[in-house]
Amino acid sequence: MSRYPAWLTDRSASAATAEGYEDPDAARLALRRLASSVTVLTVSRDGVRHGTTASAVVTLSRDPLVLGACLRPTSTFAGMVRRAGRFSVNVLGSAQQDVARRFANPSRPLGDAQFDGFDWTTDPLTGAPLIGGSLAHMACRVLGWHQVGDHDMLLAEVTGGSHTVDSPMLSFAGRMHSACVTPAASVSVPASPSEVAS
């Protein structure tokens with residue numbers, strides 16, 4: 001007996017047989033409908049600071065606190081984090097589209113100059129910049145790396161953090177959007193990511 005339900009294995013009984021469903025371009029467009037937070041990852045190594053915009057940052061575990069971030073293996077940020085062993089996460093709020101665009105621009109200056117015009121302080125745990133106005137800040141210690149297709153998945157323990165109550169910025173369908181939502185005190189958070197799917 002199959003360990004999977006019939007609706008998943010029997011294509012004749014599934015809506016997945018619709019014309020074009022297996023088209024890679026259609027699958028790619030579907031994946032872009034997966035909304036995610038927009039962050040700026042920052043790192044400091046030998047007095048040199050760097051930041052990069054990233055939307056592929058996810059919670060992997062809450063005990064211990066572990067997150068994952070997908071990075072291009074050849075990126076400046078990935079190279080610096082491999083040597084530094086620690087970094088910071090700035091979760092952007094709905095009004096920080098200028099911050100997201102700055103650190104996504106491949107033509108931005110290197111070093112401290114890329115932070116010009118933004119208020120920032122130094123993370124006491126990582127030495128990396130914490131950008132003012134962010135929805136949340138997290139200090140992270142690298143646990144390991146895993147190659148996944150054309151990206152590397154960085155696994156990191158969250159060793160410190162702070163947050164404010166505000167609306168987040170989201171990445172959806174290849175564009176940034178300001179989400180008009182704030183946390184509700186009456187809504188409980190699942191104890192682990194797996195509970196969301198159960």
Side-chain angles (χ1 to χ4, degrees), residues 4 24-46 48-92 96 99-106 108 110 114 123 125-131 134-163 168-177 179 189-198:
Y4 301 108
D25 290 334
R28 189 173 294 107
L29 289 173
L31 189 60
R32 286 162 66 91
R33 267 57 180 179
L34 186 63
S36 60
S37 298
V38 179
T39 70
V40 170
L41 309 180
T42 55
V43 62
S44 178
R45 169 72 176 175
D46 297 332
V48 178
R49 299 172 183 84
H50 185 73
T52 187
T53 299
S55 58
V57 178
V58 296
T59 302
L60 298 178
S61 168
R62 290 197 176 98
D63 186 17
L65 293 173
V66 177
L67 62 74
C70 288
L71 305 168
R72 288 184 296 105
T74 58
S75 69
T76 299
F77 182 84
M80 290 183 66
V81 169
R82 287 183 185 277
R83 296 190 296 273
R86 54 188 181 176
F87 64 99
S88 295
V89 179
N90 300 268
V91 182
L92 300 188
Q96 292 183 290
V99 178
R101 290 192 180 97
R102 167 74 65 83
F103 291 96
N105 182 356
R108 69 188 181 281
L110 298 177
Q114 65 192 292
D123 189 321
L125 298 180
T126 69
L130 299 178
I131 300 171
S134 297
L135 185 63
H137 296 124
M138 288 172 276
C140 299
R141 180 179 64 87
V142 174
L143 297 176
W145 297 80
H146 295 275
Q147 183 178 355
V148 183
D150 58 0
H151 279 61
D152 282 351
M153 169 69 84
L154 165 60
L155 304 181
E157 179 184 9
V158 179
T159 58
S162 63
H163 73 280
M169 184 187 304
L170 297 179
S171 173
F172 178 74
R175 300 178 64 88
M176 291 179 293
H177 301 267
V189 178
S192 67
S194 61
E195 291 187 20
V196 176
S198 62

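The figures here come from the full heavy-atom set of this structure, side chains too, leaving out hydrogens, waters and symmetry mates.
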Query raised in the report: Taking only residues two or more places apart in sequence, or in another chain, which ones meet R141 in a side-chain hydrogen bond (donor to acceptor under 3.5 Å, both in side chains)?
Result: E157
Query raised in the report: Does R86 have any side-chain hydrogen bond (donor to acceptor under 3.5 Å, both in side chains) partners at least two apart in sequence or in another chain, and if so, which?
Result: none
Requested in this report: Could you check whether the rings of H50 and F77 sit parallel, tilted or perpendicular, using 30° and 60° as the cut-offs?
Outcome: tilted
Query raised in the report: Passes side chain to side chain contact (heavy atoms under 4.5 Å, CB included), V40 versus T53? Steps please.
Result: CA-CA 4 Å; V40 170; T53 299; 4.0 Å; yes
Query - Donor-acceptor pair, side chain of R45 and main chain of G79, under 3.5 angstrom - result: no
Report task. Would you check if the side chain of T42 reaches a backbone N or O of A128 as a donor-acceptor pair within less than 3.5 Å? Result -> no
Query - Distance-minimising heavy-atom pair for M153 and C70 - result: CE-SG, 3.7 Å
Query - Non-hydrogen atoms of A69 and L41 that approach each other most closely - result: CB-CD1, 4.2 Å
Report task. Kindly give the heavy-atom pair with the smallest separation between S88 and P129, and that separation in Å. Result -> CB-O, 4.3 Å
Report summary line: T52 meets the side-chain hydrogen bond (donor to acceptor under 3.5 Å, both in side chains) criterion, sequence neighbours left out, with none
Query raised in the report: Once you round to the nearest 0.5 Å, how far does OG1 of T159 lie from CG of D123?
Result: 7.5 Å
Query raised in the report: salt bridge (charged side-chain N to carboxylate O under 4.0 Å, His left out): which pairs involve residues 49-61, sequence neighbours left out?
Result: R49-D112
Requested in this report: Find out whether F103 and V38 are in side-chain contact, i.e. whether some heavy atom of one side chain is under 4.5 Å from a heavy atom of the other.
Outcome: no
Query raised in the report: Does anything in residues 50-59 pair up under salt bridge (charged side-chain N to carboxylate O under 4.0 Å, His left out), and if so which pairs, sequence neighbours excluded?
Result: none
Report task. Calculate, to the nearest 0.5 Å, the distance between atoms CG and CZ belonging to L71 and F87 respectively. Result -> 7.5 Å
Query - Any donor-acceptor pair under 3.5 Å from S134 side chain to A136 backbone - result: no
Query - Closest heavy-atom pair and its distance - A84, S44 - result: CB-O, 3.9 Å
Query - Minimal non-hydrogen separation, L155 against G68, with atom names - result: CD2-CA, 4.4 Å
Query raised in the report: Can you name the closest pair of heavy atoms from R108 and Q114 and give their distance?
Result: NE-OE1, 3.1 Å
Query raised in the report: Does any N or O in the side chain of H137 come within less than 3.5 Å of the main-chain N or O of I131, such that one atom is a donor and the other an acceptor?
Result: yes
Requested in this report: Check salt bridge (charged side-chain N to carboxylate O under 4.0 Å, His left out) between R82 and all other residues, then give those that pass, not counting sequence neighbours.
Outcome: D152
**Report entry** Close side-chain approach of L67 and T59, heavy atoms under 4.5 Å
**Finding:** no
Query raised in the report: Which value, rounded to the nearest 0.5 Å, describes the distance between Q96 atom CD and N90 atom CG?
Result: 8.0 Å
Query raised in the report: About how many Å separate CE of M138 and OG1 of T39, when rounded to the nearest 0.5 Å?
Result: 7.5 Å
